Amino acid sequence: VAVLVRRLGALVLTLLVSSFVIFAGMYAAPGDPLTFLIKNPEDRTPDRVAAVRAAYHLDDSFFSQYLSWLKGVLHGDLGTSFVYKQPVSDLMTSRLPVTLTLVVMAALLFVVVGVLLGVVSALKRGTTIDATITGVTTFLTSVPNFVVALVLVSVFSVQLEWFDVAGSGEGFGDRLHHLTLPAIALAIGAFAVVSRVTRQTMVEQQSLEHVDVARSFGLPRRTVVRRHVLRNSLGPVVTMCGLIIASMLAGTVVIESVFGLSGVGSMLVESVNAHDFPVVQAILLYMVLAYMAVTIVVDLLYPLIDPRTLERSAAA
Amino acid sequence: MPASATRHRVSAGVALCAIASLTAACSGAGPSGAAADAKADVKLVDATPAAAGQLDRATWLIAKEPTNLDLSNDDANDQSDLIMANVCERLNQLEPDMSVGPGLASKYEWKTPTQLVFTIRDNAKFHDGAPVTMDDVVWSMQRNATDGNSESDEFPNVQSFAQTGPHELTFTMKQPDAVFVEALAGNAGLIQERKVVEAQGKAFGTPSSPDACSGPLKVKSWQPGTSVVLTKADGYRDPAKASKVDEITFKWAADDAIVNSLVTGSAQGAYIDTISSAARLVRSPGLTVSQGPDTRVWSYLVTERGGLADPNLRKALSLALDREGVNRAAFAGLGQPWKEPVGSGAWGYEKPTFQAAYDKLPGSPAKPSEADLAEAKKLVSAAGATKPIVVASDSSSIRNTLANALVDAAQKIGLQASIAQIPTVQYGDFYDNPDLRGQADVFMDDYYVSKSDPVGFYKNGASTSSVQWVFKDPAYDKLVLDGRAALDGPARAKIAIELAQRWADAKPWISAILSPSTVALSSKVTGVPASGSVRYYPWAADLGTKG
């Protein structure tokens, strides 16, 4: 429990620091929000400009802008979008499900496929299968994911017409169907890392004494692999998968644009371009929060995989 | 849309396509040969052929989510206009041929040069079933004219207005104003239901709020992040113009996703903003692409930095600019080399007169001839010592092509020029930020006016204009006022043409490419206008099946 409290404290501190850094970054970025608040240059008369600047507190000092934003957040108010005039929390709740579903699908995909490929390569070490898996996954990782996305769209949506080209679908089944290609495009780069880590740790485990002992007792190979090799390899694999998922939560921007998904990532790009401070701030904070949440979950999973880590931290 | 008269568009969506085009899978400009072929198939028309039958549902793609559906709000964007054109009605109506016709008012009349009288129809109904009353009309006009409303700048010459008969609205003007009548076909003439707007308060125009209008379609739902759905309104005042589509769903996506959706048939149509992406659509079987007149033109806007302070240099650059090359490289051949800062969509009256005058405008060749270059060099030498010219570009392919073309033109006639990169997010600040303008002599933008009248654009050449910085001419300023006051079409056209000639002679902007309004349709549907009128004309009501 003490650990958890300490982690939460660190989380709050990190959020505070990162929110400040993000705010400062947006403040320092080139461009004037006014250009977007009054779109028609012919309408930007001095009176109008002054009124709009006052309404949006654009002339307040940096610190007073930051503090008033922070005060709002502490009261549960993320502010109102400059562009949409809707509460930022409404905008987030309408976009988050798409992004989260996409990441969950991609995560399931790369964990299952990646670990499976890693196990196969470890067991078939040195064979052509091993070499093929390593070669193909390395190649896929080296291709940027927007290229993968464009190829997938052109083959499976435009040529074969198996999937819709754009949109995130309505209803659960339709949404899964729409998000299949994006999830593959997002996951494909992670196959190599996950399969390689799985393969490497399994190979290491296989040469350890306890495995030799288990084998010498005449346990069937399958049991040895499952109970001794795989189980002990899980630690690094889970850590790796956690890190990848955490970065995916913040890395859906390009995929969302290519597949025409209205998710958090595409909203981030749009908001940055339109100087929509409150929205940018909220999305970046969500990304920091998501990253930290995933790493905390991984930390909590650890003792379940390997009870020794719990004893160690209790002793510490 | 908050654009009363004019607005420029900051094209942020182009950047991603620029990355994507590295892979050639992007729908951007194809090889020039293919683009030239593409052009041959595209028809320049006011509208696509009329629909024969009722269409039950359609999916229509737009570039972005509308930001707000209250058109009087500064936050509304181009997409808000495109959607709400079908939902809301104005006193006057912009027609597909860009002329101004009757809207919710069956007619108007200048009783005296300062008395403008509208006769309001008595059979119109709002979407909640309530009749359109004179109270709603007067209240709407008050709302549109209020300071802070995006349309309030259309009312400078209005002294007062009031109901003067059972169905009569009279504007008392400080002076005659022909442009005001045109503005009333746009958002300045919007009529909405007082009860609904007031009940919604600040929430009016957000996803949860109903519409307050009387057009042939009504807002059924706006699911933020997903779609906007319009359905046919019951009992539209003119049965002949009732909606031919029962339900139309708007979805938004990036350029390539729009192109792919149209190619695969998952959407029935789209107005294409980035016209180069239409090249692939033109070559697709099962799709028709139509282009119509619009006012949107890409121009080089000259700043007060000083490199191009001498009009002779601006004229020389205009003579040496390869507009045809720009059109091929950046617009896939789907634009038109253009001589003036406002497109043919502004010719809402006296069309042949404007066309003839346009044809005679000198100094802006599609492709510079030897004679043009020789004349340009002569102008340069007449200018004496020159400073190096700085051209501001950003990461978009259109601006990069335009910037390179201008540098090329400068070098051909012995001028020094270089390109400065400005972040896309900052590019729009050129209009308001003198410090930024101090860094470059020229920046590029696509500018359009929402009124189909050249006078509506050329007012920007006045000495007091906030969008040009190098041209001051008292005679021109007087013509701007005269043009506004000339109620008679031919007389106003004559003034507009003189404004165009003076502008062309001074060239505060160097114009390059007309970007026509471009619509792609599945070959099963037809009927919508192809012209820029779709900002205000209820275009979706004309969308139906082919015969």
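Source: prediction; values computed, not measured. Chain naming here is simple, since letters A, B, ... match the order of the sequence lines and numbering starts at 1 in each.
Neither the backbone nor the side chain of Val269(A) has a heavy atom closer than 4.5 Å to any heavy atom of chain B. The contact between Pro423(B) and chain A is made entirely by side chain atoms (from C-beta outward), counting heavy-atom distances below 4.5 Å. In this structure, the portion of Ser466(B) lying under 4.5 Å from any heavy atom of chain A is its side chain and not its backbone. Only the side chain of Asn68(B) comes within less than 4.5 Å of a heavy atom of chain A; its backbone N, CA, C and O stay farther away.
Side-chain contact check for Leu150(A) versus Asp256(B): some heavy-atom pair is nearer than 4.5 Å.
The shortest heavy-atom contact between Asn273(A) and Val425(B) is OD1-CG1, 3.3 Å. Taking every heavy atom of both residues into account, Val258(A) and Ala257(B) meet most closely at O-CB, 4.0 Å. Across all non-hydrogen atoms, the minimal contact from Ala254(B) to Ser257(A) is CB-O, 3.8 Å.
Counting non-hydrogen atoms of neighbouring residues, nucleotides and ligands closer than 6.0 angstrom, the NZ atom of Lys220(B) reaches no more than 12 such neighbours.
Remark: Leu91(A) CG to Glu65(B) CD distance equals 8.0 Å, nearest 0.5 Å. The OH atom of Tyr84(A) sits 7.5 Å away from atom CG of Asn77(B), with the distance rounded to the nearest 0.5 Å. For the atom pair CG (Asp90(A)) and OG1 (Thr206(B)), the distance works out to 9.0 Å, reported to the nearest 0.5 Å.
Ranked by heavy-atom pairs under 4.5 Å with chain A, the first of Ala253(B), Gly225(B), Ser266(B), Ser227(B) is Gly225(B). Top candidate by heavy-atom pairs under 4.5 Å with chain A, chosen from Ser208(B), Pro207(B), Ser465(B), is Pro207(B). Each of Asp432(B), Ile258(B), Val467(B), Val263(B) has some count of heavy-atom pairs under 4.5 Å with chain A, and the biggest count is that of Asp432(B).
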